[in-house]
Asker: 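Starting off with a structure, shown below.
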Amino acid sequence: HFSHRGRVVNIGVDYNWDEGGTPNAAPVYMSSAGYGVFRCTWSHGTYDFADATRATLGHSELRFDAFYFGAAQGDYKGLLEAYTFVTGRPFMPPVYALGLGDSDCYHNGRHDNDTHVAEAVAAGYLSANTPIAWMLINDGYGCGYGKGPEEFPRDAGTLGEVSAKLTEGGILTGLWSSTDFSHIASEVREGGVRVLKTDVAWIGDGGRYAFSAVGDCVAGIEDNSDARRFIWTVEGWAGTHRMAVMWTGDNSGSFDFIRWQIPTFAGSGFSAQAHVSGDIDGIFGGSAETQVRDLQWKSFTTVLMTMSGWSTANPDKQPYAWGEPYASINRMYLDLKARLTPYFYTLSRIAYDSGVPPIRAMVMEFPNQSEFMTPGVAGGQQFMAGPNFLVAP
């Protein structure tokens with residue numbers, strides 16, 4: 001939901017990836033009356049907007065620490081500038097972050113326990129003439145990097161070889177935190193890793209723990225290379241936006257999830273979550289038709305990723321996995337996204353400078369049109385990608 005009028009909202013970690021869940025809660029709200037409130041807290045809370053005449057807000061702590069900020073009525077951009085003055089501006093992604101990412105576990109039975117299979121997948125993108133920018137090569141429970149039956153291997157030689165091969169094709173290498181990033185310095189310095197994704201052990205109960213883990217990842221990349229931070233996380237909090245992409249968790253491929261994600265992405269912008277995403281066509285389920293529709297509209301967002309290995313419908317989620325005509329349609333939209341890189345890079349810089357997100361709810365761009373305050377199609381099932389593109393999946 002992009003608007004919570006008439007709703008009761010949980011502010012906390014619930015690991016609910018479906019409609020009504022809070023995969024990336026933030027203790028802040030904004031009103032069309034021209035003010036916003038940010039509660040400076042790590043405690044879970046409940047925001048009750050069911051009564052149209054008043055809001056009832058509470059957090060599970062015996063203290064009150066809040067920032068109030070105001071702007072002209074309907075000036076959500078002004079409120080965002082004030083909110084991010086306190087919490088920090090959204091991070092500025094590197095250029096490669098704006099391209100497609102591919103994730104899978106390659107050290108498992110499906111891939112003969114050989115991380116080098118990632119090189120063949122990269123070659124598949126080249127053969128299909130499909131743009132790709134980066135790959136997570138160990139995205140799966142208990143998945144390490146190496147070759148052979150060892151559980152959770154950390155073979156630095158294999159990581160370096162795979163990373164070097166991917167780099168030859170213009171692809172950056174990334175890792176997922178099944179357990180930890182205790183070797184992050186060498187993985188970045190010698191292994192060529194430039195993308196990190198925190199989950200499971202590095203998320204825990206969310207809140208301060210997850211926030212600190214993401215901060216460690218930022219330091220891991222920026223202290224050991226000349227690269228800027230590019231991290232994906234879930235169960236974020238206020239301020240996570242200055243460090244990471246926040247994605248919507250373990251979704252399924254369906255038109256329902258598309259319907260839920262559109263207002264979720266638009267609404268996330270009101271808490272300065274400038275770079276948000278969900279796995280293209282989910283990780284479970286999916287179909288050729290839903291993959292195409294999901295990739296089409298997400299090509300008008302800054303960041304996007306596929307994740308293979310989980311769906312029984314088709315475990316491979318690459319944009320060409322369903323064959324023609326779907327592969328050609330997906331390629332056309334990825335080519336369009338590549339051509340729009342300067343546009344989305346500029347929008348990312350605007351977010352970095354002001355807090356105003358690239359994905360903008362209709363009411364953020366057109367605050368004087370009352371129909372955009374409704375949760376229907378006009379307000380909730382379309383958005384502006386910056387000032388120039390109306391996206392209505």
Asker: Just so I know, are the side chains of Val37 and Val28 near enough to count as touching, which here means a heavy-atom distance under 4.5 Å?
Answerer: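 Heavy-atom side-chain distance check fails, nothing below 4.5 Å.
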Asker: When you measure from the side chain of Asp199 to the backbone N and O of Ser177, does any donor-acceptor pair fall under 3.5 Å?
Answerer: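 Absent.
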Asker: Are Lys165 and Glu119 within salt-bridge range, i.e. N to O under 4.0 Å?
Answerer: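 Looking at Glu119 together with Lys165, the answer is no, because their closest N to O distance does not fall below 4.0 Å.
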Asker: Got a donor-acceptor contact below 3.5 angstrom from the Ser225 side chain to the Glu222 backbone?
Answerer: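 Looks like no, no N/O pair under 3.5 Å.
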Asker: Please name the residue in the list Ile221, Val245, Thr240, Val195 that meets the side chain to side chain contact (heavy atoms under 4.5 Å, CB included) test with Ile231.
Answerer: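 It is Ile221; the other options fail the test.
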Asker: Decide yes or no for Pro357 and Leu80: does some side-chain heavy atom of the first lie under 4.5 Å from some side-chain heavy atom of the second?
Answerer: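 Pro357 reaches Leu80 side chain to side chain.
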Asker: Quick one: are Leu340 and Pro342 in side-chain contact, heavy atoms under 4.5 Å?
Answerer: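 No, every pair of side-chain atoms sits at 4.5 Å or beyond.
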Asker: Between the side chain of Asn251 and the main-chain N/O of Thr248, is any donor-acceptor distance below 3.5 Å?
Answerer: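 Yes: the side chain of Asn251 pairs with the backbone of Thr248.
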Asker: Where is the tightest heavy-atom contact between Asp294 and Asp279, given as atom of each residue plus distance?
Answerer: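 Nearest heavy atoms, Asp294 then Asp279: OD2-O, 3.6 Å.
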Asker: Between Ser127 and Ala123 (side chain of the first, backbone of the second, donor and acceptor by atom type, cut-off under 3.5 Å), is there such a pair?
Answerer: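 Side chain of Ser127 to backbone of Ala123: no pair is present.
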Asker: Hey, would you say the Trp176 and Tyr141 ring centroids sit under 6.0 Å apart?
Answerer: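 Yes; Tyr141 has its ring centre under 6.0 Å from that of Trp176.
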Asker: Just checking, is any N or O donor in the side chain of Glu61 or Thr41 under 3.5 Å from an acceptor N or O on the other one?
Answerer: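 Glu61 vs Thr41: donor-acceptor pair found between side chains.
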Asker: Under 6.0 Å between ring centres: does that hold for Trp297 and Tyr333?
Answerer: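 No: the rings miss the under 6.0 Å criterion.
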Asker: Between the side chain of Tyr96 and the main-chain N/O of Gly170, is any donor-acceptor distance below 3.5 Å?
Answerer: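 Checked: no pair found.
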Asker: A quick test of your reading: do over 12 heavy atoms of other residues, nucleotides or ligands sit less than 6.0 Å from CZ of Phe255?
Answerer: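 Yes, enclosed.
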Asker: Does the pair Asp316/Arg110 count as a salt bridge with the N-to-O cut at 4.0 Å?
Answerer: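 Between Arg110 and Asp316 there is a salt bridge, with a charged N closer than 4.0 Å to a carboxylate O.
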Asker: More than 12 heavy atoms of other residues, nucleotides or ligands under 6.0 Å from CD of Glu324: yes or no?
Answerer: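 Counting other residues, nucleotides and ligands, CD of Glu324 exceeds 12 neighbours.
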Asker: Do Leu172 and Leu126 land in one hydrophobic cluster if side-chain heavy atoms of ILVMFWY residues count as linked below 4.5 Å?
Answerer: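 Result: no, two separate clusters.
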Asker: Going only through I, L, V, M, F, W and Y residues with side-chain contacts under 4.5 Å, is there a path from Leu304 to Trp260?
Answerer: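 Leu304 and Trp260: separate clusters.
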Asker: For Gly34, does its backbone N or O pair with a side-chain atom of Ser31 as donor and acceptor, under 3.5 Å?
Answerer: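 No; judged by distance alone, with no hydrogens or angles, the pair does not exist.
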Asker: Would you say Ile258 ends up clustered with Phe389 if hydrophobic residues are merged whenever their side chains have heavy atoms under 4.5 Å apart, either directly or through other cluster members?
Answerer: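 Linked within one cluster.
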Asker: Can you see which heavy atom on Gln291 is nearest to which on Lys317, and at what distance?
Answerer: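 In this case the closest contact between Gln291 and Lys317 is NE2-O, 3.1 Å.
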Asker: Kindly determine whether Asn314 and Ser311 satisfy side chain to side chain donor-acceptor pair (under 3.5 Å), including the steps that lead there.
Answerer: CA-CA 6 Å; Asn314 185 345; Ser311 174; over 6 Å; no
Asker: Got a donor-acceptor contact below 3.5 angstrom from the Gln73 side chain to the Pro367 backbone?
Answerer: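 No, Gln73 side chain to Pro367 backbone: no donor-acceptor pair under 3.5 Å.
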Asker: Taking the six-membered ring for Trp and the single ring otherwise, decide whether the centroids of Tyr29 and Phe49 are under 6.0 Å apart.
Answerer: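 Between Tyr29 and Phe49, the centre distance is under 6.0 Å.
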Asker: Once you measure the plane-to-plane angle for Trp310 and Phe284, does it fall in the parallel (<30°), tilted (30-60°) or perpendicular (>60°) bin?
Answerer: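 Perpendicular, since the angle between the ring planes exceeds 60°.
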Asker: Check for me whether the distance between the ring centres of His275 and Phe91 falls short of 6.0 Å.
Answerer: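 Yes: the rings meet the under 6.0 Å criterion.
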Asker: Before you tell me yes or no, could you show the steps for Tyr76 and Phe270 under ring-ring contact (aromatic ring centres under 6.0 Å, His included), namely the whole-Å CA-CA distance, both residues' side-chain angles and the distance that decides it to 0.1 Å?
Answerer: CA-CA 8 Å; Tyr76 302 105; Phe270 289 104; 5.3 Å; yes
Asker: How are the rings of Trp134 and Trp232 set to each other: parallel, tilted or perpendicular (split at 30° and 60°)?
Answerer: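 Tilted: the ring planes of Trp134 and Trp232 meet at 30° to 60°.
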Asker: Salt bridge or not for Arg331 and Asp335, using N-O below 4.0 Å?
Answerer: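 Between Asp335 and Arg331 there is no salt bridge, as every charged N stays at least 4.0 Å from the carboxylate O atoms.
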Asker: Between the side chains of Thr198 and Thr233, is a donor N or O closer than 3.5 angstrom to an acceptor N or O?
Answerer: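 Looking only at side-chain atoms, Thr233 and Thr198 do form a donor-acceptor pair, the distance falling under 3.5 Å.
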Asker: So, are Asp75 and Lys77 salt-bridged, with charged N and O less than 4.0 Å apart?
Answerer: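 No, this pair does not count.
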Asker: Is a side-chain donor-acceptor pair under 3.5 Å present for Asn10 with His44?
Answerer: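 Their side chains do not contain a donor-acceptor pair, so the 3.5 Å distance test is not met.
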Asker: Heavy-atom distance under 4.5 Å between the side chains of Asp281 and Val292, does that happen here?
Answerer: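 Answer no - side chains too far apart.
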Asker: For the residue pair Asn24 and Glu235, confirm or rule out a side-chain donor-acceptor distance under 3.5 Å.
Answerer: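 Looking only at side-chain atoms, Glu235 and Asn24 do not form any donor-acceptor pair under 3.5 Å.
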Asker: What's the verdict on ring-ring contact (aromatic ring centres under 6.0 Å, His included) for Tyr106 and Tyr145, showing C-alpha distance, side-chain angles and the deciding distance?
Answerer: CA-CA 8 Å; Tyr106 293 105; Tyr145 46 83; over 10 Å; no
Asker: Above 12 or not: heavy atoms from other molecules or residues under 6.0 Å from CZ of Arg5?
Answerer: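 No, CZ of Arg5 has 12 or fewer neighbouring heavy atoms, counting only those of other groups under 6.0 Å.
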Asker: Quick check: do Glu365 and Pro387 have side-chain heavy atoms less than 4.5 Å from each other?
Answerer: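 They are in side-chain contact.
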Asker: When you measure from the centre of the six-membered ring of Phe300, is the NZ or CZ of Lys337 closer than 6.0 Å and no more than 45° off the axis?
Answerer: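 Verdict for Phe300: no cation-pi partner in Lys337.
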Asker: For Arg54, is the CZ atom crowded, meaning more than 12 foreign heavy atoms sit under 6.0 Å from it?
Answerer: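 Incorrect, the count does not exceed 12.
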Asker: Between Asn330 and Pro319, is there a donor-acceptor pair closer than 3.5 Å when you use the side chain of the first and the backbone of the second?
Answerer: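 Between the backbone of Pro319 and the side chain of Asn330 there is a qualifying donor-acceptor contact (under 3.5 Å).
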Asker: For side chain to side chain donor-acceptor pair (under 3.5 Å), just list the numbers for Asp102 and Tyr125, CA-CA rounded to whole Å, side-chain angles, deciding distance to a tenth of an Å, and then say yes or no.
Answerer: CA-CA 10 Å; Asp102 179 287; Tyr125 274 91; 2.7 Å; yes
Asker: Evaluate the side chain to side chain donor-acceptor pair (under 3.5 Å) criterion for residues Ser287 and Thr290: first the C-alpha distance (whole Å), next the side-chain angles of each, then the deciding distance (0.1 Å), finally the verdict.
Answerer: CA-CA 5 Å; Ser287 67; Thr290 53; 2.9 Å; yes
Asker: Relative to each other, are the rings of Phe38 and Tyr83 parallel, tilted or perpendicular (30° and 60° limits)?
Answerer: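 Perpendicular: the ring planes of Phe38 and Tyr83 meet at over 60°.
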Asker: For Pro90 and Ala274, which heavy atoms make the closest approach, and how far apart are they?
Answerer: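 Residues Pro90 and Ala274, closest heavy atoms: CB-CB, 3.7 Å.
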Asker: Any donor-acceptor pair under 3.5 Å linking the side-chain atoms of Asp256 with those of Ser254?
Answerer: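 Side-chain D/A pair, Ser254 to Asp256: absent.
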